[in-house]
Each structure stands twice: as structure tokens, then as C-alpha cells.
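For reference, the structure discussed in these notes is given below.
Along the sequence shown, residues carry numbers from 1.
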Amino acid sequence: MAVIMIFFEQQKQLERQAMEQAIGAAEKALRQAREIERETKERQQKLNSRGKDKQEKAGIAKIMMNSLRNSAERTSAKLKEVHTEKMQGLKEELLQRRAAKPAILSMKFDWEESGLHQGKRLFSATAMNYEYHPGQPVWKNPLNWQVNSGERWALKGNNGTGKTTLLKLLLGQLKASGGIVYRADFKAIYLDQDYSLINSKQTVFERACEFNKQGLEDHHIKNRLHRFLFEKADWEITCSSLSGGERMRLLLCCLHISQQAPDLIVLDEPTNNLDLDNLEILANAIRQYKGSLLVVSHDSRFLEDIQVTRELVLR
């Protein structure tokens with residue numbers, strides 16, 4: 001019997017590996033197709049622009065130029081149609097591959113409602129600035145900004161534009177050097193790209209227990225871990241060995257165990273260390289979250305997926 005069980009476990013492992021490889025291949029093909037589509041579009045635009053310049057210099061009649069332009073547009077349209085069909089086929093294949101992993105796509109997070117009413121002012125700043133050194137303000141133009149409960153913000157800006165400083169001011173970790181600032185009493189959680197809230201020295205199970213404020217029995221905690229795709233063999237693994245996606249899933253699991261949804265979630269470049277599957281898990285969780293959201297990211301697709309509707313661009 002033991003030999004049979006080992007055989008079936010090995011078969012199950014091989015099937016999982018084959019599934020992961022198939023999904024990885026489908027994701028890679030889709031990424032390559034998107035890149036080819038982008039390169040083809042840019043190349044066609046350059047060719048069209050060069051052709052127009054040459055025609056104008058050669059003094060080609062307007063009617064001939066219109067005919068050539070129409071021909072180029074038909075060629076571009078045909079190329080776009082071919083790429084669209086190919087992309088659609090690849091997307092459908094990827095969806096079919098992922099459908100074989102129902103635990104990921106059907107994962108429910110059961111976020112509690114934030115205790116704050118919609119529209120409550122969480123943070124406001126009028127002519128706000130901050131100086132790490134006297135006479136050297138972070139922003140050339142002081143900031144005016146307000147965040148209300150239930151809003152979803154994207155924070156954008158190049159390196160050195162003060163995004164981290166603004167986050168610390170919002171979270172109450174810094175006090176403004178100038179201007180009028182109001183900060184309400186609210187519960188916030190900050191998630192960076194390394195998901196540093198996960199203590200690397202603890203095991204997966206120990207970290208989950210740290211968030212057990214409602215006195216759940218051990219088997220309930222283990223059920224929650226299983227729900228977030230941590231099998232029995234994973235429970236005693238040290239968190240330092242977890243991948244970025246696994247750290248993210250464990251943190252989501254811990255928040256679920258705590259049963260205390262924060263009023264504000266701050267995501268700082270959350271997609272940097274995630275593969276497509278774990279990116280979908282995070283997006284799914286954030287879509288179900290009803291509180292306030294601030295995301296530092298330039299990933300427009302992710303921002304759209306999590307239904308961000310406002311943005312602040314720092315310069």
C-alpha cells in the first residue's frame with residue numbers, strides 16, 4: 001500500500017510540474033506575441049513616416065500620396081488583424097491552462113468591511129512640504145492633496161520625486177516641515193515589493209499563528225493555509241526560503257486569519273517579484289477589498305485590474 005501511495009504522489013507531482021510548465025509556456029508565448037505586436041506597430045509607424053517624407057521631397061502628386069497612404073493603412077490594418085487573432089488564441093489557451101488550477105482562480109478572501117464610512121477624510125495636505133536638510137525641500141512646489149475613505153489612488157513619479165517621503169507622511173512616520181496637514185485615526189498596512197511584514201526567521205505556520213487574534217484552533221489555521229495553497233509539507237518551511245509570490249500569498253492568508261481589514265492598504269511596487277499566477281491572486285484579493293487603496297506602480301494593466309480611478313503624479 002505504501003508503495004502505491006508513493007507512486008500516486010509521484011504521479012501527482014509530475015502532473016503538477018507538467019501543468020506549471022504548460023502555463024509557463026503559454027505565458028511566455030503571450031508575452032512574446034505582445035512584444036512582437038509592439039515592435040511591428042513601431043516599425044510600421046516609422047516606415048509610414050519615412051515614406052511620407054520621401055514622397056513629399058520627391059514632389060509626388062497629392063492623389064498618388066493619398067493612394068499610397070491608403071495602401072499603407074490597409075497593410076497596417078491587416079497586420080493588426082493577424083496579431084489580434086493570434087493574441088486572442090494565446091489568451092484563450094492561457095485561460096484554459098489556468099482553469100486547471102481552480103484553487104487560484106476561485107480563491108475567496110472574505111475581507112471585512114472597513115469601519116470607516118465612505119468619503120471620510122483620511123488625509124489632507126495644503127502647501128505641504130518636507131525637508132531632510134534645512135532649506136532643501138523635497139518638492140519644488142508644495143503639495144495639495146486629499147485622500148478619502150474608499151478611494152483608489154495610483155502614486156506615480158520618477159526616482160527622487162519624493163514618493164517614499166509622501167508615503168511616510170501619509171502613514172504618520174514623518175511630520176511635515178511646512179503647510180497644513182490633517183491625518184485621521186485610521187488603520188493602515190504597508191506592503192512593499194518584498195512583503196517585509198513576513199518574518200523570515202519564522203516558519204509558515206508560526207507566522208500565520210502570529211496573526212491569530214481571534215483564538216482559532218490550530219487545525220483552522222492549517223485549513224486557511226491550505227486555502228492559500230500552502231500544503232502540509234510547506235507549514236514548517238522557514239519564510240526566508242519563500243518566493244515573492246509565496247510571501248505575498250502568506251501575507252494575504254495572515255490578513256485573512258486576523259479578520260481585521262485595514263482602512264487603508266498601501267502597495268509599494270507590488271508586482272515586481274510576482275509571476276502571472278500570483279499577480280492574478282493579488283489583483284483578485286485587492287478587487288474584493290472595499291477599503292482605501294494607494295498603489296505605487298507604473299503597471300497600467302495592474303492598476304486597471306484593481307480598479308484604480310485616481311492618480312497623483314510627483315515631479
Side-chain angles (χ1 to χ4, degrees), residues 24 27-28 30-31 34-35 38 104 107 109 111 122-123 125 128 130 132 138-139 143 145 147 150-174 186-200 207 211 228-229 239-256 261-315:
E27 290 173 346
K28 182 179 179 180
L30 184 56
R31 286 195 299 269
R34 285 174 175 159
E35 183 65 18
R38 182 188 64 78
I104 289 179
M107 193 180 292
F109 296 90
W111 291 101
L122 299 184
F123 180 88
M128 179 184 71
Y130 185 80
Y132 287 99
V138 172
W139 299 290
L143 297 183
W145 187 41
V147 179
E151 293 179 343
R152 295 187 166 225
W153 284 87
L155 178 58
K156 299 180 180 181
N158 296 327
N159 292 336
T161 54
K163 297 190 297 297
T164 300
T165 301
L166 181 56
L167 292 181
K168 290 181 177 180
L169 289 164
L170 171 67
L171 296 172
Q173 298 171 2
L174 292 178
F186 60 88
K187 181 182 177 183
I189 186 169
Y190 171 78
L191 307 181
D192 60 12
Q193 59 185 295
D194 297 317
Y195 298 92
S196 302
L197 280 177
I198 298 299
N199 187 336
S200 295
R207 194 56 187 153
F211 283 75
F228 282 79
L229 310 182
C239 293
S240 60
S241 63
L242 298 179
S243 68
E246 289 167 336
R247 292 174 73 89
M248 179 274 295
R249 279 193 281 111
L250 179 56
L251 186 52
L252 291 177
C253 181
C254 290
L255 293 176
H256 177 66
D263 302 309
L264 171 69
I265 292 179
V266 177
L267 297 173
D268 192 352
E269 300 288 357
T271 64
N272 283 7
N273 297 321
L274 300 183
D275 59 23
L276 290 178
D277 278 341
N278 283 300
L279 186 59
E280 178 64 22
I281 289 174
L282 178 61
N284 189 31
I286 296 301
R287 282 195 297 269
Q288 295 178 49
Y289 170 65
K290 303 301 181 184
S292 309
L293 185 68
L294 177 63
V295 189
V296 180
S297 178
H298 294 281
D299 188 336
S300 57
R301 187 182 300 274
F302 177 71
L303 294 174
E304 182 180 347
D305 282 349
I306 61 175
Q307 301 166 349
V308 167
T309 56
R310 299 168 180 265
E311 72 173 31
L312 175 65
V313 181
L314 299 179
R315 295 183 173 84

Main-chain N/O of Asn278 paired with Arg249 side-chain donor or acceptor, under 3.5 Å: no
Test item: side-chain donor near acceptor, Asn284 and Glu280, under 3.5 Å: no
Closest heavy-atom pair and its distance - Trp139, Met128: CE3-O, 4.1 Å
Distance, nearest 0.5 Å, that separates OG1 of Thr271 from CZ of Arg301: 12.0 Å
Student check: side-chain heavy atoms of Leu314 and Leu143 closer than 4.5 Å: yes
Parallel, tilted or perpendicular: ring planes of Phe228 versus His256, cut at 30 and 60 degrees: tilted
Considering all heavy atoms, the nearest Ala154-Val308 contact: N-CG1, 3.6 Å
Backbone of Glu151 reached by a side-chain donor or acceptor of Arg310 within 3.5 Å: no
Closest approach of Pro262 to Ile189 (non-hydrogen atoms, all atoms of both residues): CG-CG2, 3.5 Å
Residue pair Leu279 / Asp305, side-chain heavy-atom distance below 4.5 Å: no
Any donor-acceptor N/O pair, Asp194 side chain to Ser196 backbone, under 3.5 Å: no
Partner of Tyr190 by side chain to side chain contact (heavy atoms under 4.5 Å, CB included), out of Leu294, Leu197, Asp268: Asp268
Separation of Leu191 CG from Leu255 CG (nearest 0.5 Å): 7.0 Å
Under 3.5 Å: donor-acceptor pair, side chain of Asn273, backbone of Gln193: yes
Beyond-backbone contact of Tyr195 with Leu252, side-chain heavy atoms, under 4.5 angstrom: no
Leu264 vs Phe123 side-chain heavy atoms within contact, under 4.5 Å: no
Neighbour count above 12 (heavy atom, 6.0 Å) for Gln307 CD: yes
Lys156 side, atom NZ; Lys163 side, atom NZ - distance, nearest 0.5 Å: 12.0 Å
Separation of Asn272 CG from Ser297 OG (nearest 0.5 Å): 7.5 Å
Non-hydrogen side-chain atoms of Leu267 and Ile286 separated by less than 4.5 Å: yes
Leu282 versus Pro270, closest heavy-atom pair with distance: CD2-CB, 3.9 Å
Closest contact, heavy atoms only, Leu122 versus Phe186: O-CE2, 3.5 Å
Cys239 backbone acceptor or donor facing Ser200 side chain under 3.5 Å: no
Distance (rounded to the nearest 0.5 Å) between Leu174 CG and Tyr130 OH: 4.5 Å
Least distance between heavy atoms, Gly162 atom then Val138 atom: CA-CG1, 3.9 Å
Interatomic spacing from CG in Asn158 to NE2 in His298 - rounded to 0.5 Å: 6.5 Å
